[in-house]
Amino acid sequence: MALVNVDDAGDSAGWSRRNRQKTKHKIPGEVDTPAVDYEKLKWLCSHQGLKGKGDIHGESSEEAHKFFMENYHQIFPGRRPLPGIPLGNQDRSTGPQAASKTSGPQTASKSSSNLSTGVPGSVPCVKKHQDESDHPESWSHEIKEHLSKLHKERKDLDPHVIHANRIKELRQIHRKLPYERTAADNAKVYRHLKEFPLLAGQLTDKELKELCTVTQLDVWRDEDYTVFGNLGFHIILKGSVVPQTDPWIKTNNMPVIFRSPTPLLTTTAFTDSPEIPELTVGDCFGTLEKVEGREPNSKILTVLTKSVPCEFLKISGNDYKRITEHIRERENSEKVDVIQSCQNYHLWPRQSLMKLANLLHWTTYPENTVLVTEGELCPFVGFIKSGECHVLRQVQVMHTLPNGKQEKRFKQVVMSRLKSGDSFGEISVLETEPMTSSIVTATDLELGIISPERLKELDDTTRSLMLQSSEQLCGQLSEDEIHNEYIDQELKREWNQFKHGVVVDVINHRGIRPGYGKWSN
């Protein structure tokens, strides 16, 4: 017969009993609610001016209410502060304890750290943070003071700081040779050069992006040396220069007449004349296009180095000429390919295609845009690069009204479609004839157009070649053919509507509604 320990058996039988010796996690003890000091409560409620809820003699005075709100916390002895988050960047301590913390040995150590290293010491900051953590009365419960820590720091909007950072980054990138720079470096250079209006204002985006790959750093370490601006466009990144001639900068859209011989403003950079400005960091001089009829080392657009070393971001005139010609050839080649892809221009000679390509420029139109109206002159000759258009003709038909009467109306009929590789408008522009059909975009359209004014620049041979190669859109169709096409399209539309109506009736016959209940999926 086995003996059973009553205590052990009781412990094992009670499934809700906790074995405190085997408990792995500490359980926080219960905290009693703070007691109320009723003597303080009676003293506070007996203040003159306070009125109870059932008092019919009026409301409490503003002074009594303020006194109650300032002293009501005294009725809770041993009151603990609410939990909060200490702020390391603000000192909310008040009273003599806070005054003692901000003075004495800690203050002396902080000042000595600053004097010895030149930067704020790290140890006093840690001590200050620890002191604030030890005293909950310095904690903040304002959520707005803590949300700022979750967001990224706002960038400095000071234009002088932004300009200084831009110059600094340009200098860092251009310490590399052009073939050593990455695509990310060239993208940064492009973003920064867009902020120089004297440069960006005379270039297209394509030209500026290409030029960012060939920009280079030009360094001059000697004072009072001549820098020839006719060799390229210069942006000062470091140092300063003094213009030797006026003007010292030339842009593509600025007509300038250079006198010969070139008059000099000064022969030395260290001049006291107030009429001669000093060009500093961020200023520009030189030109992108070489001045015709002048030698590269001529005195025009020259400056003298003053504060050295001088560093310039330079765009060579030869690089600018080479890149612009390459971009122009690439664009003309693309235009020639689009024109030659049209059926009427397959057999055209290369020379005639180049003449048309020089007159063509690109434009875009959104969907459902009327390009040409039937019976009016076409505003341009169009070559479709991408997208589709509908060719519409008007037809007169009998329309039945709801009351049974019939009347004549004009309807639009889609006779054909134009897509990539098609053109229109040649005969209307060259012969000044109205269009026989309307053209409406069916999708977003990218179009190469030649205006009537530009077509007048073509020679007679090319103009006659365009007339021989072109024909009116749907110009040979008779009224009966257009009417029969309208009837066929109407029959197809009515048949599609009938089929859709039958399908909907069948689906809804048993109360099945698409988009509702189990059919919502």
Side-chain angles (χ1 to χ4, degrees), residues 201-207 252-253 255 324-325 327-393 415-475:
Q202 54 184 330
L203 297 173
T204 63
D205 289 341
K206 289 183 179 180
E207 292 174 345
N252 297 342
N253 50 7
T324 52
E325 290 179 353
I327 293 176
R328 192 179 301 110
E329 291 177 358
R330 189 170 55 196
E331 291 179 349
N332 287 338
S333 177
E334 183 182 8
K335 292 176 181 179
V336 168
D337 293 340
V338 172
I339 296 174
Q340 197 170 21
S341 65
C342 298
Q343 184 177 2
N344 299 333
Y345 300 88
H346 278 325
L347 303 179
W348 270 44
R350 182 76 177 181
Q351 183 179 3
S352 299
L353 290 174
M354 288 296 297
K355 292 179 181 179
L356 287 182
N358 292 330
L359 305 178
L360 184 141
H361 68 275
W362 302 113
T363 185
T364 57
Y365 291 97
E367 185 180 356
N368 295 327
T369 301
V370 178
L371 301 179
V372 187
T373 304
E374 182 179 349
E376 298 181 1
L377 294 177
C378 188
F380 49 76
V381 177
F383 300 89
I384 300 178
K385 182 180 180 182
S386 62
E388 289 187 0
C389 296
H390 287 165
V391 180
L392 307 177
R393 289 291 300 269
M415 301 305 299
S416 64
R417 288 177 172 82
L418 300 178
K419 57 184 182 299
S420 177
D422 291 329
S423 62
F424 61 89
E426 294 93 342
I427 295 179
S428 177
V429 174
L430 293 174
E431 294 293 328
T432 319
E433 294 182 2
M435 292 289 293
T436 58
S437 58
S438 300
I439 300 178
V440 181
T441 59
T443 61
D444 292 340
L445 191 70
E446 188 173 0
L447 192 67
I449 64 175
I450 302 177
S451 63
E453 293 76 14
R454 298 299 303 275
L455 277 178
K456 295 178 181 179
E457 303 175 10
L458 288 176
D459 57 278
D460 295 338
T461 304
T462 307
R463 291 170 63 90
S464 61
L465 187 60
M466 286 187 69
L467 287 174
Q468 295 174 7
S469 305
S470 307
E471 59 183 9
Q472 287 281 11
L473 293 174
C474 305

Residue pair Met435, Leu377: steps toward the side chain to side chain contact (heavy atoms under 4.5 Å, CB included) verdict: CA-CA 6 Å; Met435 292 289 293; Leu377 294 177; over 6 Å; no
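- Looking only at side-chain heavy atoms (C-beta outward), Leu418 and Ile439 come within less than 4.5 Å of each other.
- Across every non-hydrogen atom of Cys378 and Gly425, the tightest pair is SG-CA, 3.8 Å.
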List the steps and the verdict of side chain to side chain contact (heavy atoms under 4.5 Å, CB included) for Thr364 and Leu447. CA-CA 6 Å; Thr364 57; Leu447 192 67; over 6 Å; no
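- The backbone N or O of Glu374 sits nowhere less than 3.5 Å from a side-chain atom of Arg393 that would complete a donor-acceptor pair.
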Tell me which donor-acceptor pairs under 3.5 Å the side chains of residues 327-342 have, and how far apart each pair is, sequence neighbours excluded?
residue, atom, partner, partner atom, Å
Asn332, ND2, Arg328, O, 3.3
Glu334, OE2, Lys385, NZ, 2.4
Lys335, NZ, Leu360, O, 2.7
Ser341, OG, Asp337, O, 3.4
Ser341, OG, Val338, O, 2.5

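- Surrounding CD of Gln343 are at most 12 heavy atoms belonging to other residues, nucleotides or ligands under 6.0 Å away.
- Side-chain N or O atoms of Glu376 include none that pairs as donor or acceptor with a backbone N or O of Thr373 at under 3.5 Å.
- For the atom pair OG (Ser386) and CG (Leu445), the distance works out to 6.5 Å, reported to the nearest 0.5 Å.
- Heavy atoms only, all atoms of each residue included: Ile427 and Glu433 are closest at CG2-OE1, 3.6 Å.
- Identified under the ring-ring contact (aromatic ring centres under 6.0 Å, His included) test for residues 418-464, with sequence neighbours left out: none.
- With hydrogens and angles left out, the side-chain atoms of Glu426 and Ser423 include a donor and acceptor closer than 3.5 Å.
- Among all heavy-atom pairs drawn from Val381 and Met466, the shortest one is CG1-CE, 4.4 Å.
- The stretch residues 348-371 participates, sequence neighbours left out, in these ring-ring contact (aromatic ring centres under 6.0 Å, His included) pairs: Tyr345-Trp348.
- Nearest heavy-atom pair, Lys456 versus Arg463, reported as atom, atom and distance to 0.1 Å: CA-NH1, 3.9 Å.
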Audit row: Leu458, Leu359, side chain to side chain contact (heavy atoms under 4.5 Å, CB included) steps and yes/no: CA-CA 9 Å; Leu458 288 176; Leu359 305 178; 3.5 Å; yes
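- Looking only at side-chain heavy atoms (C-beta outward), Ile384 and Cys389 come within less than 4.5 Å of each other.
- With respect to Arg417 and Asp422, no salt bridge is recorded, no charged nitrogen being found less than 4.0 Å from a carboxylate O.
- Contact of the Leu392 side chain with the Met415 side chain is not registered, since no non-hydrogen atoms from C-beta on lie closer than 4.5 Å.
- Between atom OG of residue Ser469 and atom NE2 of residue His346 there is a gap of 11.5 Å, rounded to the nearest 0.5 Å.
- Taking 4.5 Å as the limit, every side-chain heavy atom of Phe380 sits out of range of all side-chain heavy atoms of Thr363.
- Of all heavy-atom pairs spanning Leu465 and Ser352, the tightest one is CD2-OG, 4.2 Å.
- Among all heavy-atom pairs drawn from Asp444 and Pro366, the shortest one is OD1-CA, 3.6 Å.
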Go through the steps to decide whether Leu455 and Val429 satisfy the test side chain to side chain contact (heavy atoms under 4.5 Å, CB included), and finish with yes or no. CA-CA 9 Å; Leu455 277 178; Val429 174; 3.4 Å; yes
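- Here the side chain of Thr443 pairs a donor or acceptor atom with the backbone of Glu388 at under 3.5 angstrom.
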